[in-house]
Enquirer: 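Encoded as structure tokens, here's the structure I'll be asking about.
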Amino acid sequence: MDTKLDPSRDDLPLMANTSHMLVRHYTLDLDVDVESHVIEGTTVLFLEDENSLKKRTRSTQETCQLEAEEACRLRTPEPCRVPMTSARSFSCKVGCSDFATFGKGEKDPSAKDGNHDNQEQASGISSSKYCCDTEHHGREDFLLVLDCCDLSVLKVEEVDVAAVPGIEKLTRSPKLTGVCEELRNEIVGELVTLPAHHWREQLDYYALCSRAPGCGELFFDTDAWSLRIRKTGAQTAMDFPHAIRIWYKTKPEGQSVTWTSDQSGRPCVYTMGSPINNRALFPCQEPPVAMSTWQATVRAAASFVVLMSGENSAKPTPLREGCLSWHYYVTMPMPASTFTVAVGCWTEIKPETCSSNDLATAGPLPPSATDSRSVGICGHMEYPCRFQNTSATTQELIPHRVFAPVCLRGVCQETLVRLLPPCLSAAHSVLGTHPFSRLDILIVPANFPSLGMASPHIIFLSQSTLTGWSLCGTRLCHEIAHSWFGLAIGARDWTEEWLSEGFATHLEDIIWAEAQQLSSHEAQEQQELRACLRWHRLQDELQNSPEEMQVLRPSKEKTGHVSDSGASVVRHGLNPDKMFMQVHYLKGYFLLRFLARRLGDEAYFSFLRKFVYTFHGQLILSQNFLQMLLENIPEENRLELSVENIFQDWLESSGIPKGPLGAGAASVCGALPGERAGGTPSRDAGTCSCCSRSVGVGPGRSARWRGAWARRSPSGLEPTGDPEGGNAGSRRTCLKRKARGSTSQPLPRPSASGCLLPDQLVLLLEHLLEEKTLRPRTLQSLQRTYCLHEQDAEVRHRWCELIIKHKFTEAYEQVERFLQEDQWPFRQLVLCRGSSCDVTWLWTTSTSPGHGRVPLRGADGERGCQAAAACPQMLRAGQGADGQVLSPGGGRNAVLNRKDPGEIVSRPLLILDARGA
């Protein structure tokens, strides 16, 4: 596989040579300086080389085979299964094929000369980088390559793990005499392979080893994307030190870390997770196959709270006056990209009333609490697995906490705190055992470029999700679903994002309906309505995005392949428009919805729980899921379904699937859409049947709805009714509060003004946005009837589009408030749909993360406008005409001040260009 980077492309490089060595554990020791925007400290890497891994894998497979035979003899219901995509067995597969030994005389193809990051503090090491050691007859040394970007690496040294008292227990030698490299590596090898029930002892030894003295500095060098380390005379991975310490500090501009202020104006910092993951937070191995555990000690000022991906609810330890230390750990191996940390003046938001037996305050079950009653044998690498703990498998509610700036305490108590228990309980009902023992929820600052992000044991949520029960509940269910799909089960190739986002999108509806305790009929109506909304969004997306960005499996038959060293690239991983795209969410959702209908919902979710049990703790490719699913579909229902057909029609093609599978997918939403040239669906070619059922709006019916609003009731609060004769209010789906066990609170009825629920209002406004003209009287009636300025962010987003499109000037203040108070993902979506005027909203406050533009549709297929966001810190003022839109570079926009053409505006500005009028 060619991993040479083309500067003209937007692929993200994964440089780590994971085919030769894998990091098994990270020990981080960090200081956070909020004033200077720097995180500084050390990380100790505990490594395992390819040969040791091969030997251990062979031994494990033999043991697993014996266990399988014993299970069969005892008639255990679940025999041992070691899927070829587990982290352990995948490593074995790589070991036999792609683990080409980079050893004596061979040069790592991913390595190239670069500049030393800090020559003054490197003690002259950089001056001799990559020099040939003549003592070894011209044979070059082994290079350990790590993913690294925007870090100042100060020093790299070998750790003398043999100096740790009592460490001889991990070796065959009763006394450590004549310590050598081989003995140190033996100690690390035994440490990283300790049995799961010794997890606490293992963590303690990791901590002790991380504080052991150094025993020699190592040569290192950095370039734009990697850190390369070598030791003179170590010509193979076996000879290379298996415990190394890296001294480094982050840079304020590093893209893995965001320094900002929270909603109360207090400084904070959090990790973004994308697009370059954590390589600007600490040197690491980014490829998913490099699954590791970690522990981290973080020191910060006493006024700050440190939250992190960790199994323990850390309590601060005072160090010195004004400084606290926080310690977290993880015993389940995860990709380094899932590590998350947030430091700020967060306040824990507790329920207003707590019972004495509230499970939210209970401690998590310890990882070692396994028992003999567990059934089956997991296929992942060994760790303290909750699926093997009977107490954990029956735990509906895991311990959970909510954190936010103090100014959001009230709204969090009204929505998020009350929604979290039923959503967690519902997820357990749908998917089974919670993979993680506890959960923290953090309301992140307003510049967070997403509505949510899930990491092990912690979820980041946007403040915009707090604006309504439906929006908060569905987004919360989406992020909770990632605990199973995206975290416990990860994609082996990052380009297959649909394995995470498609599943979470499909499951959010199921979990949310379960949390509301809807009847099957009510749940079906709600899910069909949301399917219609997503169908419209998918059509918009496909009409306004490059075809190559619409493919869910862009590498096709090369998916999952890496170079001999383990390096690879993520297709379009650096494309600034990718973060705005929803193809992996929506197209993946409709594929799963289609497959669930084919199998039958009850059978499908029964299968899904079986799939989770089989593959948790492992990495998968699309074929792993599809093959196992098709095996569970009766042959008479399978018809044309095959892995190859699904690959061809759904995963490896742009646009909506064509042929029988495409027709089947469209029928799931209740419509057979027409297609334009190139296979792009037309919005007006077909309308989902549930659209009409939900809000009474179909082709040609919007005008009659306008008439209904104009003929509003004497009270001025309700429309007269549906022109077809029915009252829209009668279509409201009532949420029934059924009795539940003491572990979950019933949900209150959603607060929806008027007669429609938020999803129905969104669908209604989506249809009205297709109208070329709406009179001010109609807009006034619409606003008054449904109190649109008080609805959740999804509804107000569409309402703002209507305001802008039809120049409803009396409501411009509502748009300004929307831009000021709601999360950035909504800001960048405000646009005009139509050709009568070009409208661009610019949000240029200091908290907005200047990202790229998103072209969307215009009315009746006409040219749409672009939403843009700009950040003055990232832009340079330029000369131009009054109000001219500039592109200083990087796909970012700025607008010149109307008074001073050389100054970039620092406030929201509406630009009305009447060229099309």
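Not measured: the values here are computed from a predicted model.
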Enquirer: Begin with the C-alpha distance, continue with both residues' side-chain angles, and end with the deciding distance and a verdict on side chain to side chain contact (heavy atoms under 4.5 Å, CB included) for Leu439 and Ile459.
Expert: CA-CA 7 Å; Leu439 178 65; Ile459 288 174; 3.9 Å; yes
Enquirer: Donor-acceptor pair, Asp493 side chain versus Thr559 backbone, under 3.5 Å?
Expert: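 Pair absent, no side-chain N/O of Asp493 close to backbone of Thr559.
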Enquirer: Would you sort out whether Phe282 and Phe339 count as a ring-ring contact (aromatic ring centres under 6.0 Å, His included), showing the intermediate values?
Expert: CA-CA 10 Å; Phe282 62 98; Phe339 178 91; 5.5 Å; yes
Enquirer: Could you measure the distance from the CD1 atom of Ile398 to the CZ atom of Arg438? Nearest 0.5 Å is fine.
Expert: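 Taking CD1 in Ile398 and CZ in Arg438, the distance rounds to 9.0 Å.
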Enquirer: Determine yes or no for a side-chain-to-main-chain donor-acceptor pair under 3.5 angstrom, with Arg609 supplying the side chain and Val430 the backbone.
Expert: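 Such a contact is found between Arg609 side chain and Val430 backbone.
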Enquirer: What do you reckon, are the aromatic ring centroids of Phe503 and Phe625 less than 6.0 Å apart?
Expert: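 Yes, close enough.
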Enquirer: Any donor-acceptor pair under 3.5 Å linking the side chain of Glu382 with the backbone of Ala196?
Expert: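 Flag set: sc Glu382 to bb Ala196 pair under 3.5 Å.
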Enquirer: Is Ser654 reaching over with its side chain to a backbone N or O of Val551, donor-acceptor style, under 3.5 angstrom?
Expert: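 Such a contact is absent between Ser654 side chain and Val551 backbone.
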Enquirer: Can you confirm if the aromatic rings of Phe590 and Trp535 lie within a centre distance of less than 6.0 Å?
Expert: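 Yes, they do, as the ring centres are separated by less than 6.0 Å.
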Enquirer: Would you check if Arg534 and Thr505 make a side-chain contact, meaning some heavy-atom pair closer than 4.5 Å?
Expert: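 With C-beta onward as the side chain, the pair touches.
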Enquirer: Looking only at side chains, do Trp498 and Ser622 share a donor and an acceptor under 3.5 Å apart?
Expert: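 On atom types as modelled, these side chains qualify, holding a pair under 3.5 Å.
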Enquirer: Looking only at atom types and distance, does a side-chain atom of Gln550 sit under 3.5 Å from a main-chain N or O of Leu542, one as donor and one as acceptor?
Expert: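 At least one qualifying donor-acceptor pair exists.
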Enquirer: Where does the angle between the aromatic ring planes of His380 and His616 fall among parallel (under 30°), tilted (30 to 60°) and perpendicular (over 60°)?
Expert: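 Rings of His380 and His616: perpendicular, over 60°.
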Enquirer: Locate the shortest heavy-atom distance separating Glu640 from Arg598; write the atom from each residue and the value.
Expert: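 So the two residues come closest at OE2-NH2, 3.4 Å.
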Enquirer: Taking the side chain from Glu514 and the backbone from Ile510, do they hold a donor-acceptor pair closer than 3.5 Å?
Expert: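 It does not hold such a pair.
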Enquirer: Please tell me if the side chains of Gln526 and Trp512 come closer than 4.5 Å, counting only heavy atoms from C-beta onward.
Expert: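 Of all side-chain heavy-atom pairs linking Trp512 with Gln526, at least one is under 4.5 Å.
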Enquirer: Can you find a side-chain donor-acceptor pair between His482 and Ser500 that sits under 3.5 Å?
Expert: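 The answer is yes; a qualifying pair exists.
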Enquirer: Is there side-chain contact between Asp147 and Asn277, with heavy atoms separated by less than 4.5 Å?
Expert: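 Not in contact.
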Enquirer: Between the side chains of His434 and Glu396, does any donor sit under 3.5 Å from an acceptor?
Expert: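 No pair is found: no donor N or O on one side chain lies under 3.5 Å from an acceptor on the other.
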Enquirer: Using side chain to side chain contact (heavy atoms under 4.5 Å, CB included) as the criterion, list what pairs up with Ala342, not counting sequence neighbours.
Expert: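 If we apply the side chain to side chain contact (heavy atoms under 4.5 Å, CB included) test to Ala342, skipping adjacent residues, the hits are Tyr270, Trp346, Leu442, Phe460.
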Enquirer: Minimum heavy-atom separation for Ala491 and Pro288, please, with both atom names.
Expert: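 For Ala491 and Pro288, the tightest heavy-atom pair comes out as O-CB, 3.7 Å.
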Enquirer: Can you name the side chain to side chain contact (heavy atoms under 4.5 Å, CB included) partners of Gln627, sequence neighbours left out?
Expert: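 Gln627: side chain to side chain contact (heavy atoms under 4.5 Å, CB included) contacts with Gln623, Val643.
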Enquirer: Using a 4.5 Å cut-off on heavy atoms from C-beta on, say whether the side chain of Cys477 contacts that of Leu507.
Expert: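 Heavy-atom side-chain distance check fails, nothing below 4.5 Å.
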Enquirer: To the nearest 0.5 Å, what is the distance between CD (Glu541) and NE2 (His584)?
Expert: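 Rounded to the nearest 0.5 Å, the CD-NE2 separation comes out at 10.5 Å.
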Enquirer: For Thr433, is there any backbone N or O sitting under 3.5 Å from a side-chain donor or acceptor partner on Trp484?
Expert: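 Yes: the side chain of Trp484 pairs with the backbone of Thr433.
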Enquirer: Nearest 0.5 Å please: distance from the CG atom of Leu451 over to the OG atom of Ser462.
Expert: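 Those atoms lie 5.0 Å apart.
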Enquirer: Can you name the side chain to side chain contact (heavy atoms under 4.5 Å, CB included) partners of Glu652, sequence neighbours left out?
Expert: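 If we apply the side chain to side chain contact (heavy atoms under 4.5 Å, CB included) test to Glu652, skipping adjacent residues, the hits are Arg553, Lys556, Phe647.
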Enquirer: Can you tell if the side chain of Ser309 reaches within under 4.5 Å of the side chain of Ile458, non-hydrogen atoms only?
Expert: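 Touching, per the 4.5 Å side-chain cut-off.
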Enquirer: Working to the nearest 0.5 Å, report the span between OG of Ser464 and CG of Leu471.
Expert: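 Result: 7.5 Å between the selected atoms.
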Enquirer: List the steps, then state whether side chain to side chain contact (heavy atoms under 4.5 Å, CB included) holds for Leu619 with Met291.
Expert: CA-CA 9 Å; Leu619 304 172; Met291 298 173 73; 3.7 Å; yes
Enquirer: Where do Met332 and Gly617 come nearest, in terms of heavy atoms and distance?
Expert: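 Smallest interatomic distance, heavy atoms only, reads CE-CA, 4.1 Å.
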Enquirer: Atom CG of Leu12 and atom OG1 of Thr495: how far apart are they, to the nearest 0.5 Å?
Expert: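 The OG1 atom of Thr495 is 11.5 Å from CG of Leu12, to the nearest 0.5 Å.
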Enquirer: Show your reasoning for whether side chain to side chain contact (heavy atoms under 4.5 Å, CB included) applies to Glu311 and Phe436.
Expert: CA-CA 8 Å; Glu311 295 173 12; Phe436 301 103; over 6 Å; no
Enquirer: What are the two closest non-hydrogen atoms of Ala515 and Ala426, and how far apart are they?
Expert: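 The answer is N-CB, 3.5 Å.
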Enquirer: Flag the pair Thr331 / Tyr383 as yes when at least one side-chain heavy-atom distance between them is below 4.5 Å, and no otherwise.
Expert: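 Not in contact.
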Enquirer: Please lay out, stage by stage, how Ser470 and Asp759 fare under the test side chain to side chain contact (heavy atoms under 4.5 Å, CB included).
Expert: CA-CA 8 Å; Ser470 178; Asp759 286 339; 4.1 Å; yes
Enquirer: I'd like to know whether Arg530 forms a salt bridge (charged side-chain N to carboxylate O under 4.0 Å, His left out) with Glu508, so could you lay out the CA-CA distance, the side-chain angles of the two residues, the decisive distance to 0.1 Å, and finally the verdict.
Expert: CA-CA 11 Å; Arg530 294 182 65 79; Glu508 75 177 59; 2.9 Å; yes
Enquirer: Does Val583 reach the side chain of Met549, with side-chain heavy atoms less than 4.5 Å apart?
Expert: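 Answer no - side chains too far apart.
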Enquirer: So, Asn389 side chain and Cys385 main chain: donor-acceptor pair closer than 3.5 Å or not?
Expert: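 Not at all, since once roles are kept as given, no pair shorter than 3.5 Å links the two residues.
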Enquirer: Side chains of Gln539 and Gln543: donor-acceptor distance under 3.5 Å anywhere?
Expert: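 Checked: Gln539/Gln543 side chains show no N/O donor-acceptor pair below 3.5 Å.
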Enquirer: Does Tyr328 reach the side chain of His457, with side-chain heavy atoms less than 4.5 Å apart?
Expert: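 No, their side chains stay 4.5 Å or more apart.
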Enquirer: Can any side-chain N or O of Glu286 pair as donor or acceptor with the backbone N or O of Arg279 at less than 3.5 Å?
Expert: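 Answer holds: yes.
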Enquirer: Return the OG1 to CG distance between Thr340 and Leu281, rounded to the nearest 0.5 Å.
Expert: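 Result: 9.5 Å between the selected atoms.
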Enquirer: Compare every heavy atom of Ile511 with every heavy atom of Ala481, then report the nearest pair and how far apart it is.
Expert: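 Smallest interatomic distance, heavy atoms only, reads CB-CD1, 4.1 Å.
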Enquirer: Grab the two heavy atoms, one from Pro456 and one from Thr338, that are nearest each other, plus how far apart they are.
Expert: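 Distance-wise, the nearest heavy atoms are CD-O, 3.2 Å.
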Enquirer: Taking Leu307's backbone N and O only, do any of them form a donor-acceptor pair with Asp440's side chain (distance below 3.5 Å, no angle check)?
Expert: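 Answer holds: no.
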Enquirer: Whether the Gln395 and Arg386 side chains hold a donor-acceptor pair (N or O, under 3.5 Å, no angle test) is what I'd like checked.
Expert: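 Distance-only check passes for Gln395 and Arg386.
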Enquirer: Scan Ile620, Leu499, Val612 and name whichever one has a side-chain contact (heavy atoms from CB on, under 4.5 Å) with Phe485.
Expert: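 With Phe485 as partner, side-chain contact (heavy atoms from CB on, under 4.5 Å) holds for just one option, Val612.
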